[in-house]
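Along the sequence shown, residues carry numbers from 1. Atoms considered below: every heavy atom in the structure, side chains included; atoms not considered: hydrogens, waters and symmetry mates. Predicted, not measured: the structure shown is a model, and the values here were computed from it.
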Amino acid sequence: MSTLPKHDLTGTANETQLPSNWGRWGTDDELGTLNLITEEARARGAAEARTGRAVSLAQPIQSAPLISGPFAPAAGDVSPVQRLTQYTGGVPATADIMLVTNHHIRSTHLDALGHQIVDDQVYPGRPLAESVTPAGVRHGSPAAFAAGVVTRGVLLDLAFEGPLAAGHPITSEDFDTAEARQGVRLESGDALVVRCGWVYTIDPERPMPGISLDRCAGCTGAACPCTQAISATPTRRWIPLCPACCTESLCRCWACP
């Protein structure tokens with residue numbers, strides 16, 4: 001892993017260095033850490049299936065009628081999916097048009113690798129102007145994931161005794177303790193799911209738990225999990241041993257969708 005230059009990522013005086021995957025898989029790569037999902041990683045996941053039960057990690061969404069215009073506020077009580085029903089006329093059927101606000105706080109989604117920008121570049125060093133254009137995304141689009149993401153999922157339940165405390169910084173020790181308690185071990189190519197016991201909130205008086213820079217900096221080389229689905233989105237503080245924004249640290253530096 002290389003290391004990105006120091007950047008003031010939040011517009012504050014806090015600067016830090018994080019491991020970076022930029023250039024690790026070449027100058028044309030659009031998969032990022034999905035490259036770690038090898039055939040061996042998929043086989044390892046398939047070998048652990050016992051019951052065939054499917055478990056969704058998506059947040060349930062109830063769509064809303066498209067009556068307030070296409071730019072409804074992204075408040076927690078507003079649906080990220082707006083719906084318009086069409087009647088097809090002579091054919092005995094109906095059709096619908098849906099507008100999805102992907103980055104709504106209630107919308108489960110994968111980030112494109114062109115989502116985060118460093119010095120007017122997107123992963124793995126492409127100029128922003130040629131990667132994201134008015135005509136669409138030319139590089140760093142999730143279209144690169146069209147073959148699907150299939151691998152072993154590892155759930156680390158940090159809330160087994162109840163929800164984590166407000167603002168709790170999740171460190172490497174938290175992960176190591178959970179792995180030992182559950183008898184599991186994260187491996188390269190795994191998809192990590194962290195349960196904090198929280199429902200998403202944007203209450204500044206009660207900040208959510210989040211993965212700290214201590215954990216981010218300690219996850220290097222092939223030991224990096226391929227992707228992370230966090231059940232409680234971290235707060236945006238770039239201070240060691242405090243909750244950091246996973247979207248920025250993972251997508252920006254590690255190229256993690």
Side-chain angles (χ1 to χ4, degrees), residues 21 25 29-63 79-81 83 95-96 98 100-113 115 141-164 170 172 174-200 208-211 215 219 221-234 246-247 250-251 254-257:
N21 278 324
W25 293 288
D29 183 60
E30 294 187 88
L31 292 179
T33 50
L34 295 184
N35 283 291
L36 297 175
I37 303 180
T38 62
E39 292 183 0
E40 292 75 18
R42 295 190 190 97
R44 183 173 67 241
E48 293 201 8
R50 296 293 181 267
T51 66
R53 178 186 177 191
V55 179
S56 174
L57 297 180
Q59 298 187 69
I61 293 176
Q62 179 65 46
S63 62
S79 175
V81 178
R83 178 190 70 255
D96 61 349
M98 291 192 297
V100 181
T101 305
N102 291 320
H103 291 276
H104 192 284
I105 62 173
R106 293 174 57 193
S107 179
T108 308
H109 64 279
L110 286 175
D111 277 338
L113 295 185
H115 176 49
S141 164
F145 316 150
V149 180
V150 179
T151 190
R152 186 180 77 145
V154 177
L155 168 65
L156 293 184
D157 186 2
L158 305 185
F160 72 104
E161 292 183 330
L164 296 181
I170 299 170
S172 296
D174 290 317
F175 276 19
D176 293 342
T177 300
E179 286 179 291
R181 183 181 67 253
Q182 298 175 205
V184 298
R185 185 68 180 172
L186 281 170
E187 299 183 52
S188 176
D190 287 344
L192 172 63
V193 181
V194 179
R195 178 175 177 266
C196 301
W198 280 60
V199 176
Y200 189 95
M208 299 178 66
I211 295 179
R215 177 55 188 171
C219 193
C224 249
C226 73
T227 185
Q228 301 201 1
I230 308 301
S231 60
T233 302
C246 269
T247 298
L250 297 181
C251 186
W254 292 354
C256 211

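Remark: R50 engages no residue in a side-chain contact (heavy atoms from CB on, under 4.5 Å) (not counting sequence neighbours). With sequence neighbours excluded, the residues that form a side chain to side chain donor-acceptor pair (under 3.5 Å) with R44 are D190. For R185, the salt bridge (Lys or Arg N to Asp or Glu O under 4.0 Å) partners two or more places apart in sequence, or in a different chain, are E179. Not counting sequence neighbours, E40 has no partner by the salt bridge (Lys or Arg N to Asp or Glu O under 4.0 Å) test. Considering only residues two or more places apart in sequence or on other chains, D157 meets the side chain to side chain donor-acceptor pair (under 3.5 Å) condition with R195. With sequence neighbours left out, the side chain to side chain donor-acceptor pair (under 3.5 Å) criterion links Q182 to no other residue.
For the pair I61 and P80, the tightest heavy-atom approach, listed with the atom from each and the gap, is CD1-CG, 3.7 Å. Shortest non-hydrogen contact noted between F145 and L34 is CD2-CD1, 3.4 Å.
With hydrogens and angles ignored, the 3.5 Å screen pairs a side-chain donor or acceptor of S79 with a backbone N or O of Q62. Using modelled atom types, no side-chain atom of W198 and backbone atom of P163 make a donor-acceptor pair closer than 3.5 Å. T151 places a side-chain N or O within donor-acceptor distance of the main-chain N or O of G189, the cut-off being under 3.5 Å.
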Notebook entry, point to check: Do C196 and I170 pass the side-chain contact (heavy atoms from CB on, under 4.5 Å) test, and can you show the C-alpha distance, the side-chain angles, and the key distance before you say yes or no?
Noted result: CA-CA 9 Å; C196 301; I170 299 170; 3.7 Å; yes

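Looking only at side-chain heavy atoms (C-beta outward), L31 and W25 stay at 4.5 Å or farther from each other. L164 is not listed as a side-chain neighbour of D174, based on a closest heavy-atom distance of 4.5 Å or more.
Distance check, rounded to the nearest 0.5 Å: CZ of F175 to CG of L186 gives 7.5 Å.
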